[in-house]
Asks: 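Have a look at this one before I ask anything.
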Amino acid sequence: MAMQQKYDPHSIEREAQQYWDASGAFRAREAPGKPKYYCLSMFPYPSGKLHMGHVRNYTIGDVLTRYHRMNGRNVLQPMGWDAFGLPAENAAIANGVPPARWTYENIAYMKGQLKSLGFAIDWSRELATCQPAYYRWNQWLFLKMLEKGLVYKKTGVVNWDPVDRTVLANEQVIDGRGWRTGAVIEKREIPMYYMAITRYAEELLAALDTLPGWPERVKTMQANWIGKSYGVRFAFPYELDGRQERLRVFTTRADTIMGVTFAALAAEHPLAAFAARGNPKLAAFIEECKRGSVMEADLATIEKKGMPTGLSVTHPLTGQPVPVWVGNYVLMAYGEGAVMGVPAHDERDFHFAKQYGLPIPQVIDARGAGDGAFTTDRWQPWYESKDGVCIHSGKYDGLRYNEAVDAIAADLNAKGLGDKQVLWRLRDWGISRQRYWGCPIPIIHCGGCGDVPVPDADLPVVLPEDCVPDGTGNPLAKRPDFVNTTCPKCGKPAQRETDTMDTFVDSSWYYIRFACPDNARAMADERVAYWLPVDQYIGGIEHAILHLLYSRFWTKVMRDLGLVKLDEPFSDLLTQGMVLNDIYFRKADTGRVTYYNPAEVETRAEGGAILKADGQPVEAGGIGTMSKSKNNGVDPQELIDRYGADIARFFMMFTSPPEDTLVWSDAGVEGAARFLRRLWNYAVRFERGGNPPQPSAALQLRKATRFEIHSVLKQANYDLGRHQLNTVASAAMKILNALDRLLEADNEVEKEGLKILLRLLAPITPHISHYLWRELKFGEDVLAAPWPEHDPAALIADEIELVVQVNGRKRGDVRVPRDADSKAIETIVLADPAVQRHVSGQAIKKVVVVPGRLVNVVV
RNA sequence: GCCGGGAUGGCGGAAUUGGUAGACGCACGGGACUCAAAAUCCCGCGGUGGCGACACCAUGAGAGUUCGAUUCUCUCUCCCGGCACCA
């Protein structure tokens with residue numbers, strides 16, 4: 001077969017993909033003894049079609065997969081679908097289509113898209129989390145955890161839409177109102193199941209040190225999230241109806257305890273509820289605190305308000321009465337749901353005290369940590385410094401932070417009122433969701449027996465797939481065929497739990513299941529030991545905390561249940577930067593918000609933007625992550641249809657480093673297309689026997705070309721090692737440029753260079769590399785070729801160029817022999833006319849010689 | 001608000017450990033080829049001044065350390081991600 005003269009991406013891509021399919025090229029098999037490489041990209045939510053973030057994510061994963069395969073590793077790159085979730089229910093509300101059908105149709109379409117991009121995926125391991133064969137193990141492990149006490153039930157706070165009478169996700173609450181109804185949202189307490197992740201807090205924190213392959217920023221974020229703080233937990237005693245009671249608080253600043261002038265309760269605190277009885281004003285205030293969303297970001301930015309309860313407690317050390325307030329900024333979920341108020345040394349307490357006229361006595365002197373004397377007129381940052389000593393604190397006067405905390409904790413302990421304690425910011429994981437499209441929680445509620453686990457033999461509890469949610473209430477609760485059952489214990493009629501699990505449960509162990517997706521009898525088997533841990537995990541930085549933390553937790557739970565022998569699931573982590581795009585929306589009078597895709601919007605020269613469909617203005621919402629909810633995704637299909645997979649992949653890799661945020665623009669994709677066409681044309685000329693001979697200067701040009709190719713290759717291999725793939729793409733361009741300049745029919749250098757180039761490109765543009773490698777008879781399959789390494793001999797030059805600086809400014813360059821010593825270099829440099837001109841008679845203070853790089857003359 | 005990250009030409013980005021700022025591309029301008037266009041090839045391309053050699057300015061803003069700072073330290077501005085029910 002003759003080589004095509006013109007580069008036609010679509011035909012060669014089809015051919016290459018057929019070859020891979022037919023030969024089962026990406027089918028991964030366990031090969032004990034052979035070093036494995038498990039490369040995993042975060043599986044997609046089947047939202048409808050791929051967006052650019054997916055293409056970026058999966059191209060990075062595919063590049064690394066193919067690179068390691070060419071380096072001799074036994075690779076596994078699986079793919080699946082994070083198939084449960086809210087958008088399927090939203091689609092049902094909008095279009096009346098059952099979430100199951102919508103989801104499966106999306107999966108089919110997106111799978112076709114992934115295949116057209118030529119990813120080296122082992123599709124035989126494909127799974128979807130909405131399949132009973134998968135989620136039965138969610139249920140099974142849930143029940144195992146329940147047995148071990150790692151799952152328990154308690155109340156939790158949710159967003160309640162009083163009009164639709166339904167629980168809303170945080171995302172569905174906009175400015176404190178329901179997204180569909182515009183109704184003001186209320187906080188509601190309902191019973192939920194929790195996973196006791198806090199029992200693993202210490203290990204989750206400590207084990208971060210065993211993950212050198214993780215980005216520092218992710219480990220820092222996780223450590224801060226887990227939030228280990230050392231402090232003192234103590235109680236304010238008080239008397240209520242003749243009983244001795246205690247109000248417990250936690251503080252990291254026990255050294256300031258003598259400055260306490262009030263205590264503040266969260267609105268949900270039981271003592272607040274007690275005080276509100278017979279106090280309508282307080283009851284109203286507590287109700288007010290309960291309006292709005294449950295999001296911490298909202299809570300943290302609201303205006304700080306408070307109201308006295310009329311109650312007071314006793315200071316544990318001074319015995320003085322301390323008034324008790326309710327504060328809307330106190331979090332029930334953190335610590336004890338109550339805090340001590342030290343206005344002089346805590347910024348929030350300071351403003352609170354100013355607002356409500358509470359005393360602000362200074363008890364810490366941190367001279368040197370800030371300027372200005374202590375004044376209650378305005379807050380100064382040094383008030384919060386731990387580098388001070390206690391004052392106005394009686395027996396603690398003069399003590400430093402650590403000494404004061406020790407002494408105060410000891411005194412509290414002696415009174416039986418408190419002691420030092422570790423506090424975690426991490427909270428247990430509430431997994432109950434009042435939604436239809438998720439994994440059913442395998443519990444049966446029986447009037448006589450209480451909450452009864454579904455027996456193993458009855459698993460899975462299968463979710464009916466024909467429901468069409470309408471946005472009101474809980475859809476499963478409306479299904480008598482699902483709800484009504486019999487109690488496994490007593491056999492009497494009983495009701496199934498209608499809550500489903502958080503979708504983070506589904507994604508917390510799919511990477512384990514990929515090792516054994518076909519095992520119907522066990523959650524995990526011995527194949528897990530071969531493939532796990534994941535050698536390279538790749539996904540968006542937005543998952544830096546929750547998904548990764550839950551996955552780490554889940555792995556440790558499975559380990560402790562004897563299911564796997566694995567401490568950490570992901571050895572190396574690459575956090576891909578987000579792909580952003582403009583956001584446009586309209587807000588109706590009802591408060592309901594509609595988002596418009598930037599493709600449907602036209603920006604006007606005079607500012608502002610309009611919707612193309614109706615010519616009316618839309619509001620600009622800045623830029624943000626491409627997402628279904630903001631409707632600002634870009635469909636990569638157009639790019640693939642027009643240019644083919646290789647050009648799309650090359651462009652994606654070339655346009656920015658994997659870890660950087662990328663604001664989407666297709667400017668530059670022409671450059672990628674041009675490059676691959678040039679490569680093709682070069683290969684065609686090569687096959688014909690190279691360029692016409694041009695003997696003059698050939699030897700030197702040949703040497704210079706080899707030098708260029710091998711130094712670029714050396715750099716490219718370094719860049720691959722640090723996952724900087726954009727410069728690897730640049731390197732390929734540089735090699736082609738160097739080869740193109742070699743205008744002589746020197747087949748040896750051309751052939752060497754082209755073989756390097758095609759292998760270097762094989763992970764990024766696998767189709768064209770596959771085709772040309774075979775057509776040029778370099779071998780049968782480029783995937784089987786060894787990875788290219790640079791030839792050190794090509795990099796030895798007789799002379800090296802040094803940059804010459806005078807006072808740190810570049811003033812020229814000199815060529816010196818490769819082995820010249822500092823003394824010789826100095827002599828050459830000082831004789832240089834440009835240097836003499838700039839030195840112009842001034843005294844030379846010193847000469848800095850950086851070997852192989854530069855010389856700096858300081859005058 | 002808290003935690004994490006970022007800012008370099010008109011644009012995407014490069015600069016391995018503090019050592020030539022702007023590699024490689026895009027866009028743009030000029031030229032070659034062509035009846036013409038596309039494609040392709042060649043040249044130019046941070047700013048200011050100068051015919052030019054060259055000089056000065058320049059890596060979000062301001063300060064500091066250093067012979068030398070895009071790189072290290074501090075302060076600030078803006079943007080992005082996360083904040084536990086989006087996934």
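Every chain is numbered from 1, with letters handed out A, B, ... down the list of sequences. Keep in mind the model is a prediction, meaning the values are calculated, not measured.
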Asks: Nearest to the side chain of A/Ala297, which nucleotide is it out of B/A55, B/C24, B/C83?
Replies: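 Closest nucleotide among those given: B/C83.
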
Asks: Among A/Asp499, A/Thr498, A/Asn474, find the residue that satisfies the side-chain hydrogen bond (donor to acceptor under 3.5 Å, both in side chains) test when tested with A/Gln434.
Replies: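 Only one option passes, and that is A/Asp499.
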
Asks: If the C1' atom of B/C2 is compared with that of B/A84, how far apart are they to the nearest Å?
Replies: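 After rounding to an integer number of Å, I get 14 Å for this pair.
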
Asks: How is A/His838 classified with respect to the nucleic acid when contacts are heavy atoms under 4.0 Å: base, sugar-phosphate, or nothing?
Replies: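 Counting heavy atoms under 4.0 Å across all strands, the contact made by A/His838 is with sugar-phosphate only.
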
Asks: Using atom CD1 of A/Ile844 as one end and atom P of B/C67 as the other, report the distance to the nearest whole Å.
Replies: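 In whole Å, B/C67 P and A/Ile844 CD1 are 17 Å from each other.
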
Asks: May I ask you to list the residues of residues 670-680 of chain A, by number, that have any heavy atom positioned under 4.0 Å from an atom of RNA chain B?
Replies: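 Output list: A/Gly671, A/Arg674, A/Arg677, A/Arg678.
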
Asks: Mark up nucleotides 17-23 of chain B, 5' to 3', with B wherever a protein heavy atom is under 4.0 angstrom from a base atom, S wherever such an atom reaches only the sugar-phosphate, and - elsewhere.
Replies: --BB--B

Asks: A/Arg809 side chain: which of B/C24, B/A87, B/C57 is closest?
Replies: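 Ranking B/C24, B/A87, B/C57 by closest atom to the A/Arg809 side chain puts B/C57 first.
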
Asks: On a whole-Å scale, what distance lies between the C1' atoms belonging to B/C26 and B/A14?
Replies: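 Taking atom C1' in both B/C26 and B/A14, they lie 15 Å apart.
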
Asks: Consider the side chain of A/Asn737, meaning its heavy atoms from C-beta on, and name the nucleotide among B/C86, B/A87, B/G25 that approaches it most closely.
Replies: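 Side chain of A/Asn737 sits closest to B/G25.
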
Asks: Using 30° and 60° as the class limits, which term best fits the ring planes of A/Trp664 and A/Phe651: parallel, tilted or perpendicular?
Replies: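 Perpendicular.
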
Asks: What integer distance in Å separates A/Met626:CE from B/C86:P?
Replies: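 To the nearest whole Å, that distance equals 21 Å.
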
Asks: Answer with base, sugar-phosphate or nothing: what part of the nucleic acid does A/Met195 contact at a heavy-atom distance below 4.0 Å?
Replies: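 No contact.
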
Asks: With A/Asp582, which residues qualify under side chain to side chain donor-acceptor pair (under 3.5 Å), at least two apart?
Replies: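 None.
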
Asks: With heavy atoms under 4.0 Å as the rule, sort A/Trp225 into base, sugar-phosphate or nothing.
Replies: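 It contacts base atoms.
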
Asks: Once you apply a heavy-atom cut-off of 4.0 Å, does A/Pro657 come out as touching a base, just sugar-phosphate, or nothing?
Replies: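 Counting heavy atoms under 4.0 Å across all strands, the contact made by A/Pro657 is with sugar-phosphate only.
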
Asks: To the nearest Å, how far apart are A/Met42 CE and B/C86 P?
Replies: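 A/Met42 atom CE is separated from B/C86 atom P by 17 Å.
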
Asks: Quick one: label A/Ser656 by what it contacts on the DNA or RNA (base, sugar-phosphate, nothing), any heavy atom closer than 4.0 Å.
Replies: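 Answer is sugar-phosphate: A/Ser656 comes under 4.0 Å of backbone atoms only.
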
Asks: How many whole angstroms separate atom CD of A/Gln222 from atom P of B/C2?
Replies: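 Going from A/Gln222 (CD) to B/C2 (P), I get 22 Å.
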
Asks: Across the strands shown, which category fits A/Arg217 at heavy-atom distances under 4.0 angstrom: base, sugar-phosphate, nothing?
Replies: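 The answer is sugar-phosphate, as A/Arg217 gets under 4.0 Å only of primed atoms, P, OP1 or OP2.
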
Asks: Taking A/Arg677 for its side chain and A/Tyr7 for its backbone only, find out whether a donor-acceptor pair lies under 3.5 Å.
Replies: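 No.
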
Asks: Grab the N/O contacts between the protein and nucleotides 70-81 of chain B below 3.5 Å, and write none if there aren't any.
Replies:
from, atom 1, to, atom 2, distance (Å)
B/C80, OP1, A/Ile623, O, 3.2
B/G81, OP1, A/Thr625, N, 3.1
B/G81, OP1, A/Thr625, OG1, 3.1

Asks: How would you list, by chain and number, every residue that makes a salt bridge (charged side-chain N to carboxylate O under 4.0 Å, His left out) with A/Asp346, sequence neighbours excluded?
Replies: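 Partners of A/Asp346 under the salt bridge (charged side-chain N to carboxylate O under 4.0 Å, His left out) test: none.
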
Asks: Over how many whole Å does the gap from A/Met501 atom CE to B/A87 atom P extend?
Replies: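 After rounding, the gap between these two atoms is 15 Å.
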
Asks: Given B/A87, B/A15, B/G4, identify the nucleotide with an atom nearest to the side chain of A/Leu86.
Replies: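 Nucleotide nearest to A/Leu86's side chain: B/A87.
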
Asks: By ring-ring contact (aromatic ring centres under 6.0 Å, His included), which residues pair with A/Phe352, not counting sequence neighbours?
Replies: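 Per chain and number, A/Phe352 pairs via ring-ring contact (aromatic ring centres under 6.0 Å, His included) with A/Phe262, A/Trp325, A/Tyr329, A/Tyr356.
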
Asks: Expressed as a whole number of Å, how far does the P atom of B/U65 sit from that of B/C74?
Replies: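 Roughly 15 Å separates the two P atoms.
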
Asks: Expressed in angstrom and rounded to an integer, what is the separation of A/Leu662 atom CG from B/G6 atom C1'?
Replies: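 Nearest whole value for this atom pair: 14 Å.
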
Asks: Between A/Ser507 (side chain) and A/Phe504 (backbone), is there a donor-acceptor pair under 3.5 Å?
Replies: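 Checked: pair present.
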
Asks: Would you tabulate the pairs of protein nitrogen or oxygen atoms and nucleotide nitrogen or oxygen atoms of nucleotides 46-48 of chain B closer than 3.5 angstrom?
Replies:
none

Asks: Under 30°, 30 to 60°, or over 60°: which ring-plane class applies to A/His547 and A/His543, parallel, tilted or perpendicular?
Replies: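 Rings of A/His547 and A/His543: perpendicular, as their planes differ by over 60°.
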
Asks: Hey, where does RNA chain B pair up into stems, meaning at least three consecutive Watson-Crick or G-U pairs with distances under 3.5 Å?
Replies: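 Listed by first number, the stems are B:1-7 with B:77-83, B:10-12 with B:24-26, B:28-32 with B:40-44, B:46-49 with B:54-57, B:60-64 with B:72-76.
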
Asks: Under 4.0 Å, heavy atoms only, any strand: does A/Ala544 hit a base, just the sugar-phosphate, or nothing?
Replies: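 No contact.
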
Asks: On RNA chain B, does the nearest nucleotide to A/Leu168 precede the nearest nucleotide to A/Asn681 from the 5' side, or the other way round? Give the residue.
Replies: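 Taking each residue's closest nucleotide, the earlier one in sequence belongs to A/Asn681.
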
Asks: Would A/Glu542 and A/Thr625 count as having a side-chain donor-acceptor pair, cut-off 3.5 Å?
Replies: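 On atom types as modelled, these side chains do not qualify, holding no pair under 3.5 Å.
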
Asks: Quick check against the 3.5 Å criterion: does A/Asp719 have a side-chain atom that pairs as donor or acceptor with the backbone of A/Gln724?
Replies: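 Absent.
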
Asks: Looking across every strand, which nucleic acid part, if any, lies under 4.0 Å from A/Gly430 by heavy atom: base, sugar-phosphate, or nothing?
Replies: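 The residue A/Gly430 makes sugar-phosphate contact but no base contact.
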
Asks: OP1, OP2 of B/A55 versus side-chain N and O of A/Arg811: anything below 4.0 Å?
Replies: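 For A/Arg811, the contact criterion (side-chain N or O under 4.0 Å from OP1 or OP2 of B/A55) is met.
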
Asks: Using the salt bridge (charged side-chain N to carboxylate O under 4.0 Å, His left out) criterion, which residues pair with A/Arg180? Sequence neighbours excluded.
Replies: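 Once residues adjacent in sequence are excluded, the partners of A/Arg180 under the salt bridge (charged side-chain N to carboxylate O under 4.0 Å, His left out) criterion are A/Asp164.
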
Asks: With a 4.0 Å cut-off on heavy atoms, is A/Gln434 in touch with a base, just the backbone sugar-phosphate, or nothing at all?
Replies: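 Base, at least one base heavy atom under 4.0 Å.
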
Asks: Under the side chain to side chain donor-acceptor pair (under 3.5 Å) test, which residues partner A/Glu708, sequence neighbours left out?
Replies: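 If we apply the side chain to side chain donor-acceptor pair (under 3.5 Å) test to A/Glu708, skipping adjacent residues, there are no hits.
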
Asks: Please enumerate all residues that pass side chain to side chain donor-acceptor pair (under 3.5 Å) together with A/Tyr200, with sequence neighbours excluded.
Replies: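 For A/Tyr200 the side chain to side chain donor-acceptor pair (under 3.5 Å) partners, ignoring immediate neighbours, are A/Asp560.
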
Asks: Taking the side chain as every heavy atom from C-beta outward, state whether A/Trp179 and A/Asn90 have any atom pair closer than 4.5 Å.
Replies: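 Sidechains of A/Asn90 and A/Trp179: in contact.
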
Asks: Applying the side-chain hydrogen bond (donor to acceptor under 3.5 Å, both in side chains) test to A/His838, which of A/Gln805, A/Arg811, A/Arg809 qualifies?
Replies: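 For A/His838, the side-chain hydrogen bond (donor to acceptor under 3.5 Å, both in side chains) test succeeds with only one of A/Gln805, A/Arg811, A/Arg809, which is A/Arg811.
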
Asks: Scan A/Glu216 against the nucleic acid and name what it touches under 4.0 Å (heavy atoms): base, sugar-phosphate only, or nothing.
Replies: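 Since no nucleic acid heavy atom lies under 4.0 Å of A/Glu216, the category is nothing.
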
Asks: Tell me every residue that passes side chain to side chain donor-acceptor pair (under 3.5 Å) with A/Arg853, counting only those two or more places apart in sequence or in another chain.
Replies: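 Side chain to side chain donor-acceptor pair (under 3.5 Å) check on A/Arg853 returns nothing, list empty.
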
Asks: Could you classify B/G9 for me, syn or anti, using a glycosidic angle within 90° of 0 as syn?
Replies: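 The base of B/G9 is oriented syn (glycosidic angle within 90° of 0).
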
Asks: Indicate whether OP1 or OP2 belonging to B/G68 is found under 4.0 Å from a side-chain N or O atom of A/Asn807.
Replies: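 False: A/Asn807 side-chain N/O out of range (4.0 Å or more) of B/G68 OP1/OP2.
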
